[in-house]
Each structure stands twice: as structure tokens, then as C-alpha cells.
Number of protein chains: 2
Amino acid sequence: MASSRVTLRDIAEEVGVNPSTVSRALNPKTRGMVTGEIARQITEAADRMGYRPNPFAYSLRTNRSFTVGVLVPDLTNPAFAPIIKGIDNVLEASGYSVMVANTDNVAERERRNVDKFRERHVDGLVIATARRHDPLIDECRTEGTPLVLAVRKTTDSDISSVVSDEVTGGETIMSHLAQLGHRRVAYIAGPQELSTGFERHQGYVRGLNANNLEYDAGLVEFCDAFTEEEGRRAASRLLASGRDFTAIVAANDMIAIGIYDELQTKGLVCGKDISVVGYDDMLFSSKFDPPLTTMHSPLLDIGAEAARILLERIEDPETPPRSVKMTPELILRKSTGKPA
Amino acid sequence: MASSRVTLRDIAEEVGVNPSTVSRALNPKTRGMVTGEIARQITEAADRMGYRPNPFAYSLRTNRSFTVGVLVPDLTNPAFAPIIKGIDNVLEASGYSVMVANTDNVAERERRNVDKFRERHVDGLVIATARRHDPLIDECRTEGTPLVLAVRKTTDSDISSVVSDEVTGGETIMSHLAQLGHRRVAYIAGPQELSTGFERHQGYVRGLNANNLEYDAGLVEFCDAFTEEEGRRAASRLLASGRDFTAIVAANDMIAIGIYDELQTKGLVCGKDISVVGYDDMLFSSKFDPPLTTMHSPLLDIGAEAARILLERIEDPETPPRSVKMTPELILRKSTGKPA
DNA sequence: AAAACCTGTGCAAACGATTGCAGAGCATAT
DNA sequence: ATATGCTCTGCAATCGTTTGCACAGGTTTT
């Protein structure tokens with residue numbers, strides 16, 4: 001990699017001043033300290049010579065890296081990719097670079113990557129892998145690392161986070177179903193150690209109440225992960241239980257896909273024999289067979305907002321933690337209908 | 001961000017030697033220079049005290065950052081996400097960090113990000129945004145920046161790249177169709193300034209020849225981008241042309257989806273009235289309606305291999321450029337059948 | 001006119017590593 | 001016994017910035 005040859009000293013010599021003057025002239029914050037004319041000469045020389053500050057020197061001196069680390073469980077999961085994109089969009093505009101790490105949901109890998117990020121002195125972290133109780137997050141907090149959680153939160157509310165309003169989302173779904181006439185609706189929950197899984201399930205029970213439906217433990221199955229395979233297995237258990245129900249709501253779209261799979265192998269047609277609704281409205285959920293009715297989570301915005309909050313906190317370490325809840329939106333498609 | 005407090009000097013004082021000795025003891029390459037016992041004491045003290053080298057200092061001195069930049073048109077496009085994941089997997093294992101940049105296919109943004117990466121002295125670049133003639137790539141080449149192209153290449157073969165074998169892929173698709181009995185198959189091509197678009201189209205015409213079908217310019221439409229929308233428009237033009245054909249092959253899965261859309265609005269049923277085949281086998285292409293028969297590109301492997309080649313080149317700058325072609329695999333699903 | 005204060009600049013010390021060079025100590029060759 | 005060589009360690013410079021401090025010169029205050 002060719003190095004950016006020209007340094008502060010070069011410019012200083014060119015203009016005939018001390019490097020420190022050049023430094024001050026080039027830094028907006030200190031520019032006022034130097035005489036207008038000299039500053040002009042310096043900036044002129046700087047871009048004539050193609051000066052590019054050396055980030056290592058800068059960072060060594062200031063301990064700022066203009067870099068943030070992003071942790072996701074799976075880069076290729078359409079429920080996470082948009083978050084990164086959102087983050088990248090706002091961070092790029094502010095001159096930051098984003099480093100990503102894929103953790104595949106393994107705690108050890110999360111820790112390793114957080115450590116790596118810290119060693120590299122990232123200015124902050126956005127974490128989309130947090131569990132409700134997460135020692136790693138606690139650590140970061142006590143270490144004072146600026147961080148914001150995306151799409152998930154911990155039980156500790158002293159940490160910035162941006163999520164969608166999962167419980168009212170879940171509630172809304174139930175109302176939709178109730179309105180269609182469903183009385184017995186099953187639920188396939190996500191992992192309860194994730195706020196997403198936990199709160200969406202909570203939304204389900206609230207929705208039950210709100211619509212005068214009663215909770216039946218036999219109608220809810222839990223998944224160990226937000227995956228198609230887990231969804232399929234849970235659906236299989238549900239079907240095998242012999243219980244009666246006319247709709248299944250899934251804790252997210254991946255699980256919903258798993259349900260599709262199982263229904264299909266059982267010869268049930270989704271949207272007619274049985275309704276199913278997902279959550280997230282991830283890419284292509286409108287292309288499935290049938291198109292999935294689902295709760296749209298504004299993933300891109302969540303990422304962007306997380307980045308903004310992080311930036312705020314980085315620029316001013318005194319900024320108190322802030323938690324924002326985006327409001328999701330129900331997208332009606334073909335996988336729900338009146339009960340058979 | 002709390003700084004990693006302990007430095008070489010601290011360890012030096014603790015053990016009672018000069019910082020340079022500590023440096024040597026801790027660096028595997030120079031470890032041999034220091035007496036075994038002392039080295040032992042040093043490493044012992046180092047991890048007792050929790051020493052973490054300061055990357056800025058290291059990089060400032062050595063000009064190495066253990067960082068690579070990755071350029072993709074769209075992080076959220078399922079045809080690119082796996083590439084990043086593949087890259088991350090191998091790079092993480094080698095202690096590198098990956099910085100991503102989303103360029104949305106805008107050249108100016110590509111340039112800006114490459115510049116940013118260079119300023120930050122990344123050790124290398126993997127670029128998935130290259131056009132067949134790409135001044136940006138030329139520049140990088142003459143600057144000597146280690147880089148490897150992923151999933152695309154330029155006409156200049158002196159640049160490392162890893163792609164799937166697009167032309168034989170395209171050819172294979174045609175043979176499949178011919179075997180089913182299709183004689184008139186249309187093609188919806190991708191942008192010809194991208195090697196992917198160009199070579200896949202080339203595969204189409206070779207496949208025509210190989211199966212004794214003749215080329216009919218009226219049966220091919222070109223897209224300006226690998227998008228659903230472009231695919232839909234091209235399909236619309238094709239259908240409107242009044243030409244006769246029994247199958248459409250798309251330059252990639254996104255375009256294929258666009259074709260699905262158009263067929264549906266025209267009341268044609270895909271896989272019966274007309275066959276369509278995609279390319280890439282991106283996530284969920286098995287979930288579409290109907291499941292898409294497509295050419296599987298080993299995206300994850302492509303990313304991983306690109307990372308490996310880059311690493312090679314970084315460690316030894318004399319390594320000559322290397323281009324590898326992965327072999328794709330035809331995945332038969334429901335969108336193709338015998339001609340109506 | 002002296003005292004006090006600005007304002008703009010330069011000097012030099014960091015930041016935390018790596019590395020060429022010099023030299024101390026000791027073993028081997030002459 | 002001297003010369004030669006080898007191995008290990010320390011010294012100090014360096015990478016390119018930022019920034020506290022000193023200070024020169026000019027302005028304002030008393």
C-alpha cells in the first residue's frame with residue numbers, strides 16, 4: 001500500500017512555518033489560532049501537495065479512531081443486513097468506517113470480536129447480538145465503551161438501544177387475527193433470552209387479552225433460534241399435539257418459513273386451511289408462497305438511528321443513554337384469511 | 001473507550017529490561033534474539049499484566065494495519081452478503097478486521113470509499129463492484145494496492161479475481177433447457193459492462209450453438225441493472241414483442257424474480273406456460289413461487305477464496321496475480337419443465 | 001510610560017511501538 | 001595471549017500527529 005507521502009512537516013517546510021502551525025491551520029477547531037493569510041497559504045499548499053493526514057499518527061496521539069465496530073449474528077440473514085446498511089449510511093457520512101464481525105450466535109466469538117474491537121480502539125460499538133442478560137454487555141458498560149444495542153436490548157435499561165415496538169407489534173397481529181374471526185391461535189416463540197423473542201411473545205399474550213381470547217399453554221411452542229429449521233420443528237410439534245387452532249403466529253419471518261415447510265409436507269394450505277403471520281417483513285417475504293403477512297420492522301432505520309445515537313455519545317461522552325422504539329407496521333398479504 | 005493501559009515500557013520496567021527487548025521477546029519473528037529465560041519472564045509478565053499492543057503505534061511504525069476493505073454494491077443483496085461472510089470468516093481467523101462499504105452502484109461512492117480505505121492504510125482491498133473497464137481498478141493496480149476482485153473481473157487479466165465459471169454456467173443452463181425440449185429460449189441479460197452480465201450472456205450464445213439452436217436477436221433483452229424492476233421491464237418488453245418462445249433465462253435471480261412478477265400480471269404460469277431459470281441460487285430462491293431452478297454460485301467460497309488470495313498477496317507482495325474460477329452447479333426446481 | 005493583556009507562532013514532548021547500530025560479554029580460532 | 005566472531009541487550013531515532021508551554025510583538029489599560 002503506497003503511503004500518503006506528504007506530511008505536516010513537508011507542508012511546513014513548503015510554507016516556511018512550524019509543523020504545529022500547519023496542524024492548527026488544518027484543524028477546523030484550531031484554525032482560528034492562525035493568521036488568515038498564513039492559514040490560506042497552508043491549506044493551499046496542503047491540497048496542492050495532496051496532503052492526507054496519517055490516521056495512525058492521529059489516533060496514536062488522540063486515541064480516536066473514527067471507526068466503529070458492528071456485531072451481528074449473521075451477515076447473510078436478511079433481518080440483519082439492512083441494519084448494517086443503515087449504520088453504514090450514516091456513519092459514512094460522518095467520516096467513520098465500520099468494521100463488521102459475524103458471530104454466528106456463538107458467545108465466545110462475540111467476546112473475541114468485542115475484544116478485538118477494543119484492542120483496535122474503535123470509538124464505539126453497535127451490537128445486534130445482545131441477550132437479555134448479557135455479561136459481555138455489562139462489561140462493555142462498566143468499561144465505558146460507548147455502545148448501542150440494535151434490534152435487541154438487555155434487561156438493564158441504562159444502555160442505549162433502538163428496537164421496534166415488539167409488544168405492541170405482537171398485540172396488533174393478534175387483533176388482526178381476531179378481527180378475521182380467529183379464536184384459537186397458536187404461537188411459535190423465539191428464544192426467550194433475546195428481547196425480541198421475549199417481548200414478541202409478551203405481545204401475543206397481551207393481544208390475547210385485548211381480544212378476549214384465553215391463553216392456552218398447549219398452543220405455544222418455543223424455538224431455540226430464529227431459524228427456519230427450528231420453526232419447522234416447532235410447527236411439527238404443534239401439529240402433532242392434536243390441538244385445534246386456525247392460525248399460527250411466528251416470532252419472526254424465518255420461523256414462519258419453517259412453518260410453511262411443515263404445513264406443506266402435511267398437505268395443509270397456508271392462508272386457507274390455516275393462517276400464518278410472521279414478523280420483520282424481511283426481504284422477499286412478499287415472494288413466498290403464499291406471500292407472508294407480517295409485521296414490518298424498519299430495520300434500515302433502526303440501524304441508522306443506532307448509528308446516530310452512537311455518534312452523539314461518542315462526540316459527547318456525557319450524553320445519557322437513550323432507548324428508542326420504532327413503530328412497526330402490519331403488512332397484509334395472502335398468508336392470513338378467515339378461519340377455515 | 002478505555003485505553004489499554006499497559007505498554008511495552010511498563011513490562012520492561014517490571015522485568016528490568018529495555019522496552020526493545022520486550023518488543024523482541026513478544027514478537028514471534030524476533031523472539032529468537034532474546035535469552036530463553038528472559039523471554040519467559042517477559043511473556044509471563046505480559047499476560048499477567050494484560051498487555052495488549054497498541055495497534056496505532058504498531059501501524060504508525062510499520063505501515064501495516066491488519067485491516068482490509070471490502071466494497072460491495074449492496075450489503076442487503078443476498079447475492080453479496082455471503083461473499084462478505086466468506087471474507088470475514090477467513091480474515092477473522094488470521095487476525096484481520098474487515099471494513100465494509102456499501103456503494104449502491106454509484107461510481108463516485110466507490111471512489112470515495114476506496115480513497116477512504118487507502119487513507120486508512122488498509123492492507124488490501126476486495127472489490128465486488130468492478131466493471132469490465134474500471135478506471136478505479138486500474139488506479140489501484142498502478143498504485144500497487146493489493147486487491148482482489150470478487151464475483152466480477154475486469155478485462156485486464158493482470159488482476160486477481162475469483163468468480164464462478166459464468167460462461168459454462170450459462171451454457172449448462174441452455175443444455176438443460178434443450179434437453180427438456182425447448183427450441184426457442186429467450187434471454188434477459190444483465191448489464192454488459194459487468195463481467196457477470198457479459199459472460200453469462202456469452203454462455204447463452206455458446207449454449208445455443210452447442211445445442212444447435214440459432215441466435216435470434218429478438219429474443220434477448222438487456223437490463224441496466226441486476227434488479228427485480230429491470231427484470232420485470234425487460235420481461236414486459238419481451239412479452240410485448242409478440243415473439244414466440246417457451247423459456248426465459250435470466251442473468252441472475254433478481255432478474256428472474258422480475259420475470260415472475262411480469263408473468264403473473266400477464267396471467268402466465270411459470271414452469272408450465274413458460275419456463276424460467278435464474279442464476280446464483282441466492283437465499284430463498286427455493287422459496288419462490290414456483291421454486292426457481294437456477295445455477296448455484298458458491299458465493300461463500302468465492303468470498304473465502306478471495307480473502308485467501310488477498311492474504312497471500314499481502315504477506316508476500318511478489319505473489320503474482322491469480323484468477324480462480326469456481327464451478328457453479330445447476331439446481332433443478334419447479335420453474336422449468338417441458339415446453340407447453 | 002509602565003503594566004497588563006492578547007494573539008500568533010515555535011519548541012519540544014508526548015503517544016507506543018519497531019529497528020539499525022553499537023557494544024558488552026563470552027567462546028572459539030589462531 | 002591476542003584476535004575474531006557470535007549472541008544478546010540497550011540506546012536512540014523514527015513513524016506523523018497534537019498540544020502545553022514559553023515567548024515575541026503589539027494593544028490596551030492604568
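Labels below follow one simple rule: chain letters A, B, ... track the order of the sequence lines, proteins then strands, and each chain is numbered from 1.
- Per the geometry, CG belonging to A/L8 stands 13 Å off C1' belonging to D/dT19, to the nearest Å.
- Counting to the nearest Å, the C1' atom of C/dG25 and the CD1 atom of B/I38 are 13 Å from each other.
- Taking side-chain N and O atoms only, B/S20 has no distance below 4.0 Å to OP1 or OP2 of D/dC11.
- You'll find a donor-acceptor pair under 3.5 Å spanning the side chain of A/R24 and the base of C/dG10, going by distance alone.
- B/M33 places its CE atom 21 Å from the P atom of C/dG25, with the value rounded to the nearest Å.
- Residue B/Y51 has a polar side-chain atom (N or O) positioned under 4.0 Å from OP1 or OP2 of C/dA17.
- Between D/dT17, C/dT19, C/dG16, one nucleotide has an atom nearer to the side chain of B/A57 than all others, and that is C/dG16.
- With hydrogens and angles disregarded, a donor-acceptor distance shorter than 3.5 Å links the side chain of A/T7 to the backbone of A/R9.
- Among C/dT9, D/dG10, C/dA17, the nucleotide with an atom closest to any side-chain atom of B/V17 is D/dG10.
- One finds a side-chain N or O of A/T35 lying less than 4.0 angstrom from the OP1 or OP2 phosphate oxygen of C/dT9.
- With contacts defined as side-chain heavy-atom distances shorter than 4.5 Å, the pair B/V114/B/E139 does not qualify.
- Whole-Å rounding puts the B/M49 CE to C/dG16 P distance at 13 Å.
- Rounded to an integer number of Å, the gap from NE2 of A/H121 to P of C/dA17 is 9 Å.
- For the residue pair A/S97/B/R120, the side-chain donor-acceptor check at 3.5 Å is satisfied.
- Ranked by how close their nearest DNA chain D nucleotide is to the 5' end, B/N18 and B/L60 are led by B/N18.
- The CG atom of A/N63 sits 13 Å away from the C1' atom of D/dT17 (whole-angstrom rounding).
- Salt bridge B/R112/B/E108: present, at least one basic N to carboxylate O contact under 4.0 Å.
- In this structure, a donor-acceptor pair under 3.5 Å is absent between the side chains of A/D156 and A/T154.
- If you measure from atom CZ of B/R64 to atom C1' of D/dC15, you get 16 Å, rounded to the nearest angstrom.
- In this structure, B/G36 reaches neither bases nor backbone, as no heavy-atom distance under 4.0 Å exists between it and the strands shown.
- If you measure from atom CZ of B/R5 to atom C1' of C/dC15, you get 11 Å, rounded to the nearest angstrom.
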